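Here is the structure we will look at.
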Amino acid sequence: MSVQASSAMVDNPWLAQSVEVATVTPELPGVATYHLRFRDAGLNERYRFRPGQFNMLYLPGVGEIAISLSAANEMSGTWDHTIRVAGNVTRTLAGLGVGGELALRGPYGTSWPLDECTGADVILVAGGIGLAPLRPAIHACFTQRKRFGRTTLLYGARSPDMLLYRRDYDVWADRGLNVSATVDRFQPGWSGDVGVVPLLVDRLRPLTPANSVMFLCGPEVMMRYTVRSALERGLRRDQIWVSLERNMQCAVGLCGHCQLGPAFVCKDGPVFRYDKIERYLNVEGL
Amino acid sequence: MSHKPRLAVFKFASCDGCQLSLVALEDELLALAERIDVAYFLEASSRVEPGPYDVALVEGSITTPEDAQRIRQIRRDSRFLVTIGACATAGGIQALRNWADSAEFLRAVYASPEYIHSLATSTPISSHVPVDFELRGCPINKQQLLEVLVSLLGGRRPRTPVHSVCLQCKRRGTVCVTVAQGIPCLGPVTHDGCGAICPSYNRGCYGCYGPCEQPNLESLSDQCQVIGVSRETLVRSLRNSFNGYAPEFRAESDRLAGEEQ
Amino acid sequence: MKAVARPRNSPQSETLLLAKQDFQAFLDQLWQGGYRVVGPTIAQQAIVYDEIRRVEDLPRGWTDEQSGGQYRLTRRDDEAWFGFVVGPHSPKRYFFPPQVAVTQADRTSNGWQFSEVPDQEPPYALLGVRACELAAIAVQDRTFINEQYVDPIYRRRRERALIVAVNCTQAASTCFCTSMNTGPRCTQGFDLALTELPDSFTVEVGSERGADVLSSLPVTRAAPGSLLAAEAARQQAVDQITKGLDTKDIRDLLLSNLEHPRWDEVATRCLSCTNCTMVCPTCFCSSVKEVSDLTGDHVQREREWDTCFNWDFSYMNGGIVRNQIRSRYRQWLTHKLASWIDQFGVSGCVGCGRCITWCPVAIDLTEEVAAIRENPA
């Protein structure tokens, strides 16, 4: 169970708590991981989240955005968010630097159903920066290694220099995660696959469909084709979970922005079991 | 920023009303002046400094060959170019000439028209150079202007609302003048920014802020005709809206005028 | 299924009578009790909600005539005080205000200080609330006061409010509350419910709070003749309702017709102007904007009414999700009549007809549903 950062947050869902940028890890051009720490030490101690959940990050006067947690960093006692510079909030955040202050409310939303997957082979599939919301699930696979069967990461990026967390792949492999990466565009020095992520699903060996679960996060078109490949390989729709993105403002189902059919992506998602959202996800402009 | 950002304000064919919005920011003007260096603003100061400028506010439309050259130089001199007002953004009321014979206007107005060198059209700045941000309105809203400047000072991209005037009428509790009084109103197809002033005085919206995103003009025209507004009146209200040459308004008035013939 | 904002005592069975000549004393009693009394009054050629201090503020002798895209204020041939249906406003704007500050941030020497912005509104007494509006309030209760999260502004205003409902004695051509089972009779969710007679009101008491307000007023027990007259007046409203919406399996009908050609057709008419959602008494969408002073040291977050008809409402870095009028109209109608049921266990439509009257191009949602029902995919 996640713990809200404070009871005030529950009383007033809009009220955020002060955090500071403890360190910044540059990841890719325009992408960095911000290691955030609550200014209130007690709060930092109490805060908990489940893999797949997100926080609202707020910069006064600039705006607020929903960002998935990409790790609980126990070494530094921080809460990590991997963010691509895309708009005013992310650009201002990138300019804050270490010690910079912002505000956080959360965690919000549903999580990867790790608790329901005991004994299963876990296949994590990500595209681009979609690897960030899966990283806490990867970490959970390590800390609860005995709980799961075979664990696999299938990951695609535009080019080899756009592979997120590349420094970690060897460590992850050493800890038992089967990592396969593919890129859309070849660059010299790349010896891995070239092609889209669904091809990795097509080629995945060994695969025991009946005993597998798939967690998926990336651009919607990539997820659609990946699901198609997974279904062709024999997985059922209720063995696949996807993480979705929509405009979010309140994060608590009050503002209406994030609706997809009957779902509020903020509180019924962002993680959905595929069979529950498929009919809406595949309608254009819904 | 190591230096104060340098601001320049330029005028083309226009009435100066939008520039005055900057001066009209009385309460904020001093605080603003502390944070920016006004390098070029003839309306307010005779001090004229050459570029480059961090932010250029451009008022007015392009109506002469000289202006068509001058705006290119301004573009080269300016890092972030903001058009202010309906003239700069859509060609202004003077774009009515685009549907008429401007030479005939010159003959009618001037004793010696041969000394006047003007273009046959009045066109928005964006027809001549790339524009970074367009602030709508006739005149612009000074609070929106302030927001644009504050955003740029903070290194942020300015954002102004894109919704229709109707939304703002409803927020302020104004009763729809079309539905309750049968008054034709451009509110459903017009960009908010004024705060929906006219309907609160029982008048229809004139479209001062130009077309909103994806305006459905054909449907509004159809309905106006149902409530008894003639095509001729519709053509006139769209073209006289200060934004008549904005692509969406222009296409609809041309369509209606075509049907008329 | 969901928690109601405030438990209400079961209505007192005895119906009372309040003479019109004592109504000013009733209003005075409310103001003296600390309430800000809001009720029907005339502004801009329509009957709207605004402050009511004197009985003269009420639209006595006026009525409304409504049809698709048209509303007209006209004289009645009598002096009825509540002889109209519903106007462009609804109680929504008092519990869920069009613009309100939700939090603020102040820069201090120790960094940012984040705090709430206390809501200062005095308690409202809402006068003249119709049955469909009572239903709409109950619908919004489920949105803003749900098991997981609560909107503090809504809850505070809702819990402190006194609701004086007035039964409809007539209907407009746009009314279809009987299809939505929300009216025209006020049956629950009020503190007091009045039915207007020529010289008096019958009064049903719905709560202790309602009873308290009456305690110092010269109310009497309503005689059988008054009860019968009130019943007859209310029946007129039922008899005048002509519009209907067939709600049978409506959720499945709409959600299995997301690619119906009718969405393209309605998009040629729809202006996406937002009027239907703004007048709807249950629509709850909002956006939050930053309002900063020039120094940037004091910032308020202001919540404003927003709507799925706004082009950038579904904005994401990847683009606009609902980038066509077709998508936006479909979102509104399917949400209102179908997915609302999944989300809140009730329809989002109470049959008040405002979206029909106040649509500048007279789009009628009941006709849109009928067209899809007639020719489903």
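Keep in mind that what you see is a predicted model, and the values were worked out from it rather than measured. Just so it is clear: chains get the letters A, B, ... in the order the sequence lines come, proteins before strands, and each one is counted from 1.
Both the sub-6.0 Å distance and the 45° axial angle are not jointly satisfied by B:Arg171 relative to the ring of C:Phe96.
When heavy atoms are compared at a cutoff of 4.5 Å, C:Gln66 does not approach chain B at all. Interface residue B:Leu146: only side-chain heavy atoms are found under 4.5 Å from chain C. Of the two parts of B:Arg159, only the side chain, counted from C-beta on, holds a non-hydrogen atom closer than 4.5 Å to a non-hydrogen atom of chain C. Both the backbone and the side chain of C:Trp305 come within less than 4.5 Å of a heavy atom in chain B. The contact between C:Thr307 and chain B is made entirely by side chain atoms (from C-beta outward), counting heavy-atom distances below 4.5 Å. Looking at B:Pro199, the atoms closer than 4.5 Å to chain C (heavy atoms on both sides) all sit in the backbone: N, CA, C or O. Using a 4.5 Å cut-off between heavy atoms, B:Glu218 does not touch chain C at all. For B:Thr174, the parts lying under 4.5 angstrom from a heavy atom of chain C are both the backbone and the side chain.
Checked by atom type and distance alone, the side chain of B:Gln214 pairs as donor or acceptor with a backbone atom of C:Asn323 at under 3.5 Å. A donor-acceptor pair under 3.5 Å is formed between the side chain of B:Arg35 and the backbone N or O of C:Leu294. Although no hydrogens or angles enter the test, the distance criterion places a donor-acceptor pair under 3.5 Å between the side chain of C:Gln44 and the main chain of B:Val175. The main-chain N or O of B:Gly173 is found under 3.5 Å from a side-chain atom of C:His89 such that the two form a donor-acceptor pair.
Counting heavy-atom neighbours within 6.0 Å of B:Arg203 CZ, excluding the residue itself, gives a total of 12 or less.
Residue with the most contacts toward chain C among B:Leu149, B:Val150, B:Val162: B:Val162 (heavy-atom pairs, distance under 4.5 Å). Among C:Val48, C:Thr268, C:Leu73, the residue making the largest number of heavy-atom pairs under 4.5 Å with chain B is C:Thr268. The candidate from C:Asp50, C:Ile325, C:Asn310 with the greatest count of non-hydrogen atom pairs under 4.5 Å with chain B is C:Asn310. For the set C:Lys289, C:Gln99, C:Arg328, the entry with the most heavy-atom pairs within less than 4.5 Å of chain B is C:Arg328.
From C:Met278, atom CE reaches atom OG of B:Ser164 across 8.5 Å, with rounding to the nearest 0.5 Å. Here the CG atom belonging to B:Leu217 is positioned 9.0 Å from the CG atom belonging to C:Leu271, to the nearest 0.5 angstrom. The line from CZ of C:Arg269 to CG of B:Asp222 is 11.0 Å long, rounded to the nearest 0.5 Å. To the nearest 0.5 Å, atoms CD (C:Glu290) and OG (B:Ser151) are separated by 11.0 Å. Atom NE2 of B:His163 sits about 9.0 Å away from atom CG of C:Asp312, to the nearest 0.5 Å. In this structure, B:Leu167 CG and C:Glu304 CD are separated by 8.0 Å, a value rounded to the nearest 0.5 Å.
Between C:Pro360 and the choices B:Ser219, B:Cys224, B:Pro188, the side-chain contact (heavy atoms from CB on, under 4.5 Å) rule is met once, by B:Pro188.
In plain terms, the two heavy atoms of C:Gln45 and B:Ala180 that are nearest each other are O-CB, 4.0 Å.
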